[in-house]
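Below, chain A is the first sequence line, B the second, and so on; all start at residue 1. Just so it is clear, the structure is predicted and the values come from calculations on it, not from any experiment.
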2 protein chains.
Amino acid sequence: MAAYDHPAPETFELTVVLRALADPARLDIVRHLERVGEANCATLIGTRPKSSMSHHFQVLRESGILRTRIEGVQHRNSLRREELDERFPGLLAAILSAP
Amino acid sequence: MAAYDHPAPETFELTVVLRALADPARLDIVRHLERVGEANCATLIGTRPKSSMSHHFQVLRESGILRTRIEGVQHRNSLRREELDERFPGLLAAILSAP
DNA sequence: TGCTTTGTTCGGGTGTTATCGAACAACAGG
DNA sequence: CCTGTTGTTCGATAACACCCGAACAAAGCA
């Protein structure tokens, strides 16, 4: 399995990031990652099937919100906090602290 | 023309607000309102038809991002900055300062 | 009463996104 | 190898959102 491509912070698009976050399932993923730091897909699957989760991770990854590191058979995801804050200062913090 | 209903800040939903902002046309409206304070629909129409604009204003209004005040035949729109900041501290500022 | 201005509402067409099962691929361990 | 685990990819369906013209509504004014 080849490593994923991750966009550079200068190419993050605000509307793309907002659209990625404007989904309850993906917001759950982001909030969970904030708590645990790093997680693979399986641990985040609630009632949703794997294929749906894989799609949501792809959207989050391609928008720049998270990075995926491959370790063996698992894909470990974590937030790109510094890079997001570099491009959109305060945005992630505001969203993570929102009710 | 009866006045519009505007949601109370406690009922603002993060995903709804993010979805409302995750559209280039609506982001333009929000940025414009930040500059001029208050504006009616017509002054914001660029190349888009009235019906499209009316739709975008409705989305922004129902999500809580702006309020619409009727004055004669004009509908004056302005950002609900304090109320948004009360519910989602820092969110609007982060978005307005983003590239 | 007409006429103009300003927006809304309606209807349909179009494109995008979410969802999910099933099949596939990559890796690790026995 | 063979098997189990972990995710991705594919294909189909359904839901949603955007877009725009046309008709409508409300208010101001001659």
Peer 1: Starting from the C-alpha separation in whole Å, work towards a yes-or-no answer on side chain to side chain contact (heavy atoms under 4.5 Å, CB included) for A:His55 and A:Arg48.
Peer 2: CA-CA 11 Å; A:His55 164 67; A:Arg48 301 168 198 277; over 6 Å; no

Peer 1: Picking from D:dC10, C:dA18, D:dC19, which would you name as closest to the side chain of A:His55?
Peer 2: C:dA18

Peer 1: Check the distance between C:dA18's P and A:His56's NE2 and give it to me in whole angstrom.
Peer 2: 6 Å

Peer 1: Please compare B:Thr68 and A:Thr47 by the position of their nearest nucleotide in DNA chain C and report the one closer to 5'.
Peer 2: B:Thr68

Peer 1: Nearest to the side chain of B:His75, which nucleotide is it out of C:dG21, C:dT8, D:dT8?
Peer 2: C:dT8

Peer 1: Rounded to whole angstrom units, what separation is found between the CZ atom of B:Arg69 and the C1' atom of C:dG7?
Peer 2: 16 Å

Peer 1: Name the closest nucleotide to the A:Arg19 side chain, picking from C:dT17, C:dC10, D:dC19.
Peer 2: C:dT17

Peer 1: Roughly, in whole Å, what's the span from CE in B:Met53 to P in D:dC20?
Peer 2: 10 Å

Peer 1: Can you identify which nucleotide, out of D:dT5, D:dC20, C:dG7, has its nearest atom closest to the A:Val73 side chain?
Peer 2: D:dT5

Peer 1: Rounding to an integer number of Å, can you tell me how far A:Phe57 CZ sits from D:dT9 P?
Peer 2: 14 Å

Peer 1: If you check every side-chain atom of B:Cys41, which of D:dT8, C:dC27, C:dG7 has the closest atom?
Peer 2: C:dG7

Peer 1: If I take atom CG in residue A:Asn40 and atom C1' in nucleotide D:dG7, what distance separates them, rounded to the nearest angstrom?
Peer 2: 10 Å

Peer 1: Confirm from the modelled atom types if A:Ser54 and D:dG7 form a donor-acceptor pair under 3.5 Å, side chain to base only.
Peer 2: no

Peer 1: Write down the distance between CZ (B:Arg76) and P (C:dT6), rounded to a whole number of angstrom.
Peer 2: 11 Å

Peer 1: At a heavy-atom distance below 4.0 Å, what parts of residues 22-30 of chain B sit against DNA chain C?
Peer 2: none

Peer 1: Can you check whether B:Arg48 has a side-chain N or O nearer than 4.0 Å to OP1 or OP2 of D:dC19?
Peer 2: yes

Peer 1: Choosing from D:dC20, C:dG7, D:dT8, which nucleotide comes nearest the side chain of A:Lys50?
Peer 2: D:dT8

Peer 1: Are the ring centres of B:His75 and B:Phe57 closer than 6.0 Å?
Peer 2: no

